[in-house]
Amino acid sequence: MSEAVTRSLATPPGLLASLDPLLRQWLPRQRWFAGKGRPLTGFSLVAATELLPPGGRRGLYHLLVRAHQALAPVPGAAEQPADCYQLLIGEREALPPRLAPALIGHVTEGPLAGRTVYDALHDTRPAELLLEALRSGTRVGALRFERDPDQEIRPGLVPRLVTAEQSNSSVVYGDTFILKLLRRVVPGVNPDLELPLALAREGGDRVPAPTAWMCADLGGDPYVLGVLQPFVQGAADGWELALRELAKGEDFTAEARALGRATAEVHTALARTLPTVTLGSSQVRHLVDGMTDRLGSAAQAVPALRPYARALRSAFEALADLAAQGCTWTAQRVHGDLHLGQCLRSPGGRWWLIDFEGEPSKPLAERRMPQPPLRDVAGMLRSFDYAAHAAGHRAPGWADSCRAAYCSGYARAAGADPRTDPVLLRAYETDKAIYEVVYEARHRPDWLPVPLAAIRRLAADGGAPSPSQLSHPSLPSHPSLPACPPSPRRPRP
Ligand SMILES: Nc1ncnc2c1ncn2[C@@H]1O[C@H](COP(=O)(O)OP(=O)(O)O)[C@@H](O)[C@H]1O
Ligand SMILES: O=P(O)(O)O[C@H]1O[C@H](CO)[C@@H](O[C@H]2O[C@H](CO)[C@@H](O)[C@H](O)[C@H]2O)[C@H](O)[C@H]1O
């Protein structure tokens, strides 16, 4: 075992009880807290490890904590399965001003009574310690740090916490690496590590190859806790770039086309390296049932969706009808939550795809299932629509031309144009917009009008599918579109 981190404490007695009242206040305020809107009823410890560098100060705890919550904000409501969160807790007598944003609170009882506790990822030494553990491949308590022996990690890189809004927390080390610490963790193979590793093995150059990773082994179930990967220096993400170009009134179609090409290359590599399956009518029925169920739960959670539910369902049923007529689709591993913010453009103009975690609210097994690649395409199409809305009404037609350019870039690299499969594309776009309605209602209520506008458009189009709704006005419509175009949808022999 390496000397980087030398001590583990399995169960610091009373530690969690002393943190309980502070975590009840602090946790729901974190952007990455997944259970917003449901009262916390308590915590239970999954694993606790005290991280102690040789000769270093004590007081750094790695905790995996289950947050128990009521079903709804009603006293006495039944509990839901508790989410498990990864916390790195530091303690000090008082916090220096630079750590003020990291404050969790002042402990009044238990082993840390009188101490100030804080989110230690904001602090230099704890962040350095994590990199050192990854560099040296340490094992401490239940924690296992592993690395790709072929990639060098220089010691002494200076850490800084990424302050942008994220679903997890990331630390950049000397502009060389970025470590994403997953916040809500689940047992099993995490696609955020699995897919970039598979793509790296395949020799792809569109996704940064994982350099090191951090896991916990608990009761036979590995939990992926973090992934270190090369930092794409000087990169801007697609969302920033799109908004910048929109503000200047500049054309974004060349970038959209390049993004389509990058997406298709990643899809092709994933299909080469991981299993693909054919979806026939029973699998498509299952897919459609899932979409319909999600619509039902979303309409329960967000009443503004209810007037459109029937029309939206018909977009899903149109897909089931095609499958019942004998159409089949190829499914493969996909990104699962692709949008402009998941695409980084390096200063040389190359597009990279990041964040293969999938939609964090979905179960891991579902996120790892092979799916038609058009699911990712639909996510990107939604994203162009989001960008246009975020910019107001300054650029009429902007989203339409970006969506068309993205599809044609995709078609060039994949050999199949997503627009030749309008029923599947519309079903996925509808499913995504419904997901976004719930996401925005929970996380950014001010943004709710953006996906709701798409819901209105998609619902208005809920009858017979029409290619014109797919926003490629520059292309002729497909009046003679066959019921089962040869690719990517293929008739059964
Ligand atoms: N390899 C990378 N190089 C440069 N920046 C990155 C890299 N990976 C992630 N980032 C930055 O960190 C942000 C969050 O990363 P992401 O994987 O999307 O985390 P989350 O799942 O928490 O949203 C991204 O929006 C991007 O700005
Ligand atoms: O945090 P993640 O990147 O994993 O994804 C979640 O948050 C995204 C917002 O940050 C959210 O994306 C939605 O908003 C984007 C603009 O901020 C837009 O480009 C996307 O098209 C839209 O879906 C994403 O859905 C959510 O899973």
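Every number for a ligand or one of its atoms is a count from 1 in the order of the listing. Source: prediction; values computed, not measured.
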What residue and atom, counting heavy atoms only, is the protein's closest point to atom 25 (O) of ligand 1, and at what distance? G341 O, 3.9 Å

Contact between ligand 1 and P230 is defined here as a heavy atom of the residue under 4.0 Å from a ligand atom; is it met? yes

Can you confirm, on distance only, whether ligand 1 has an N/O atom lying under 3.5 Å from any N/O atom belonging to I354? no

Residue, atom and distance of the protein heavy atom nearest atom 23 (O) of ligand 2 read E436 OE2, 2.6 Å

Within-cut-off N or O pair, Q166 and ligand 1, under 3.5 Å: yes

Looking only at side chains, do T263 and Y406 share a donor and an acceptor under 3.5 Å apart? yes

Numbered atoms and elements of ligand 1 in range of S167, under 4.0 angstrom, heavy atoms: 20 (P), 22 (O), 23 (O)

What residue and heavy atom of the protein are closest to atom 19 (O) of ligand 2, and at what distance? S383 OG, 2.7 Å

Measure the distance from atom 4 (O) of ligand 2 to every protein heavy atom, then report the residue, atom name and distance (to 0.1 Å) of the closest one. D355 OD2, 3.2 Å

Who's closest to atom 27 (O) of ligand 2 heavy-atom-wise, of Y439, W447, Y386, Y435? Y435

The option among R382, M380, R444 carrying the non-hydrogen atom nearest to atom 13 (C) of ligand 2 is R444

Looking at L87, L45, L225, which hits side-chain contact (heavy atoms from CB on, under 4.5 Å) with L64? L225

Ligand 1 to L344, heavy atom cutoff 4.0 Å, flagged ligand atoms 2 (C), 3 (N), 4 (C), 5 (N), 6 (C), 7 (C)

Can you name the closest pair of heavy atoms from L130 and L88 and give their distance? CD1-CD2, 4.0 Å

Number the atoms of ligand 1 from 1 as they appear, then name those within less than 4.0 Å of a heavy atom of Q342, with their elements. 18 (O)

Checking side-chain polar atoms at under 3.5 Å, does D355 have a donor or acceptor matched by the opposite partner on Q342? yes

Using only heavy-atom distances, determine whether the side chains of Q283 and W329 contain a donor-acceptor pair under 3.5 Å. no

What protein heavy atom sits nearest atom 1 (N) of ligand 1, and how far off is it? Q229 OE1, 2.6 Å

My understanding is that we take every heavy atom of each candidate and find the minimum distance to atom 11 (C) of ligand 1. Doing that for V162, L179, V172, I178, which one comes out nearest? I178

re atom 1 (O) of ligand 2, the protein heavy-atom contact at minimum distance is S167 OG, 2.4 Å

Write out the residue and atom name of the closest protein heavy atom to atom 17 (O) of ligand 1, then the distance separating them to 0.1 Å. K180 NZ, 2.9 Å

Checking Q166 against S170: is there a side-chain donor and acceptor pair closer than 3.5 Å? yes

Using a 4.0 Å heavy-atom cut-off, say whether H389 meets ligand 2 through its side chain, its backbone, both or neither. neither

What I want to check is whether the side chains of R147 and T211 have a donor and an acceptor closer together than 3.5 Å. no

Report the part of R31 (side chain from C-beta onward, or backbone N, CA, C, O) that has a heavy atom under 4.0 Å from ligand 2; answer both or neither where that applies. side chain

Option with minimal heavy-atom separation from atom 8 (C) of ligand 2, where the choices are H339, Q342, Q166: H339

The protein heavy atom nearest to atom 5 (N) of ligand 1 is F231 CE1, 3.4 Å

Just go through L182, D355, V232 and tell me whose heavy atom is the nearest to atom 20 (P) of ligand 1. D355

Under 4.0 Å between a side-chain nitrogen and a carboxylate oxygen: does that hold for E429 and K432? no

K362 and D337 ion-paired at < 4.0 Å: no

Would you kindly say whether D417 and Y410 are connected by a side-chain donor-acceptor distance under 3.5 Å? no

At a 4.0 Å threshold, what atoms of ligand 1 neighbour a non-hydrogen atom of E357? 21 (O)

If we check side-chain contact (heavy atoms from CB on, under 4.5 Å) with V162, which of these qualifies: I178, V171, N168? I178

Could you tell me whether R333 and E194 make a salt bridge, using a distance below 4.0 angstrom between a side-chain N and a carboxylate O? yes

Identify, by atom number and element, the atoms of ligand 1 in contact range of P208, meaning under 4.0 Å from any of its heavy atoms. 1 (N)

So, are D205 and R350 salt-bridged, with charged N and O less than 4.0 Å apart? yes

Under the ring-ring contact (aromatic ring centres under 6.0 Å, His included) rule, what do F33 and Y85 come out as? Steps first, then yes or no, please. CA-CA 8 Å; F33 179 65; Y85 291 96; 5.4 Å; yes

Has ligand 1 got any nitrogen or oxygen that is less than 3.5 angstrom from a nitrogen or oxygen of S170? no

